[in-house]
Amino acid sequence: MQILEIDGYNARCTARGVMREVSLFMLQDEPIALGDFVMVHVGYALQKMSEQEARSTWELLDEMLASDPDLQGA
Amino acid sequence: MMLSARDWLEKIRALPLTRRVRIMNVCGGHERSITMAGLRGALPQNVELIPGPGCPVCVCPEEDVYLAIQQALHAGVILVAFGDMLRVPVNVPKTEPRSLEQAKASGADIRPISSPQEAVKIARENPGRQVVFFAAGFETTTAPVAAMLLEGIPDNLFLLLSCRLTWPAVAMLLGSGKPGFDALIAPGHVATVMGQEEWTFVTEQHAIPAAVAGFAPVSLLAAIYSVLRQLIEGECFLDNCYPEVVRPGGNATAQAQLMQAMRVVDANWRGIGIIPASGFALATRFERHDARKQFGGYAAAGRKRVGEMPAGCDCARVVLGKIYPNECKLFGTACTPRTPIGPCMVSDEGACRIWRASGVKVSSTKIIH
Ligand code: SF4
């Protein structure tokens, strides 16, 4: 959900047009700003979301292998 | 480069897979995505996806549900619980309320909630009443309950905790010598809070491939690809296919809050038994909010069939991934989402309910192991 307003540990968040009160208590040691996306479960933000895509470490290994001629065939 | 679900499927199909591989998931959300997206049908035939212990309501001890019903009926409390707990049946004579829903129908003050904050709100709005929050869940739900406690709760709010850790059930299966699976999809939301490191025992101690996945099919397929390739290449490591929210170490603040508010104890899993260090109890500083201490006199341990699954219900084996839901002979006949017999058909995270809701109709005799 995206954070629209912050008041202490409480935030108003939105996702797909739905507004929710969300507690930021579990993220109190993280820098949080308006517009950030958070993963929410039972009314609590569990973690900030980044834009990293689903991936497998194999992809990174394959890419490294492909881009480094020294490693090929190793 | 961003791969789509279709790309991942193609990569999976291109893998040189020569044997049958059984991949277990331990998250109701994973099972729902797998079933609803039809991943089983899309994958190569020799890849089996097995729903494992991923439903906290399904393993909540029958004794705890009974205690909650009795507290609601006889202790004059307002009892609040997450919605899908209300229909879980207990073993009592037909003349007595068999679920919180039936207790509510017979006059008990029972209210469904969707957040711990609602429990606090109800307690504040009813200062003259005692409120019991019957909380069942895995780490992802338990951590918010801990946060609620540390933020401060009113004196009239009590907790009936039935919270569990996820990994000890997997450790028990792996330690049993007959785990029934060759690879594991680790739960993304649990890892978000607790850190993916909790699951390295699977790859390091048991040499079983594992990958953390989120709920989206693309993340699940990336994880399935990863564990299959780990098997093929004979190289085991815990992969993180959900980097969007799963960071090294997880949410350290949430873990510290959990350990301040709760302690880890041996715990009973319905139909399965005691699993060491697999449950949560309130830390000493919150003991005066323990509903078991405050209203524990209603436990009636001598009841018939105490702790058991309903007669004929095979939920325990479904939860442990020993059989598929539709191998239970009651599946879809006597037991349906409208007329649930066991907790796995009641809870939104129960494999029986997910399979039935997605249209799996009849019982089958296909055996996993
Ligand atoms: S189908 Fe019903 S009776 Fe059978 S295991 Fe599932 S919940 Fe239990």
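Atoms considered below: every heavy atom in the structure, side chains included; atoms not considered: hydrogens, waters and symmetry mates. The sequence lines fix the lettering, A, B, ..., with proteins before strands; numbering per chain opens at 1.
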Verdict with supporting geometry, A/Glu59 and B/Lys11, salt bridge (charged side-chain N to carboxylate O under 4.0 Å, His left out): CA-CA 11 Å; A/Glu59 299 314 292; B/Lys11 284 172 74 71; 3.4 Å; yes
Under 4.5 Å from any heavy atom of chain A, what part of [X] do you find: side chain, backbone, both or neither?
| X | result |
| --- | --- |
| B/Thr141 | both |
| B/Leu150 | both |
| B/Ala254 | both |
| B/Ala256 | neither |
| B/Val193 | side chain |
| B/Gln257 | side chain |

Proximity of residues 228-237 of chain B to chain A, residues having a non-hydrogen atom under 4.5 angstrom: B/Arg229, B/Gln230, B/Glu233, B/Glu235, B/Phe237
Interchain contact, A/Met49 with chain B, by part (heavy-atom threshold 4.5 Å):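 Both parts, backbone and side chain.
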Contacting region of A/Tyr9 [heavy-atom separation from chain B under 4.5 Å]: side chain
Check: B/Ser33 side chain, B/His30 main-chain N or O, donor-acceptor pair, under 3.5 Å: no
N/O donor-acceptor pair under 3.5 Å between B/Glu197 side chain and B/Gly249 backbone: yes
Residues B/Arg6 and B/Glu10 bridged, charged N to O under 4.0 Å: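 Answer for the salt bridge query: no.
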Closest non-hydrogen atom pair between [X] and [Y], with its separation:
| X | Y | result |
| --- | --- | --- |
| A/Ser56 | B/Cys241 | CA-SG, 4.0 Å |
| A/Asn10 | A/Ser23 | OD1-CA, 4.3 Å |
| B/Ala283 | B/Gln260 | CB-O, 3.4 Å |
| B/Leu159 | B/Leu149 | CD1-CD2, 3.6 Å |

Heavy-atom pairs under 4.5 Å with chain A: which of [options] has the most?
| options | answer |
| --- | --- |
| B/Gly137, B/Ala146, B/Pro144, B/Ser115 | B/Pro144 |
| B/Thr140, B/Val145, B/Ile113, B/Leu220 | B/Thr140 |
| B/Val245, B/Asn240, B/Val246 | B/Val245 |

Chi angles and distances behind the side chain to side chain contact (heavy atoms under 4.5 Å, CB included) call for A/Gln2, A/Cys13: CA-CA 5 Å; A/Gln2 189 170 23; A/Cys13 296; over 6 Å; no
Ring centres under 6.0 angstrom apart (B/Phe215, B/His189): yes
Over 12 foreign heavy atoms within 6.0 Å of CH2, A/Trp58: yes
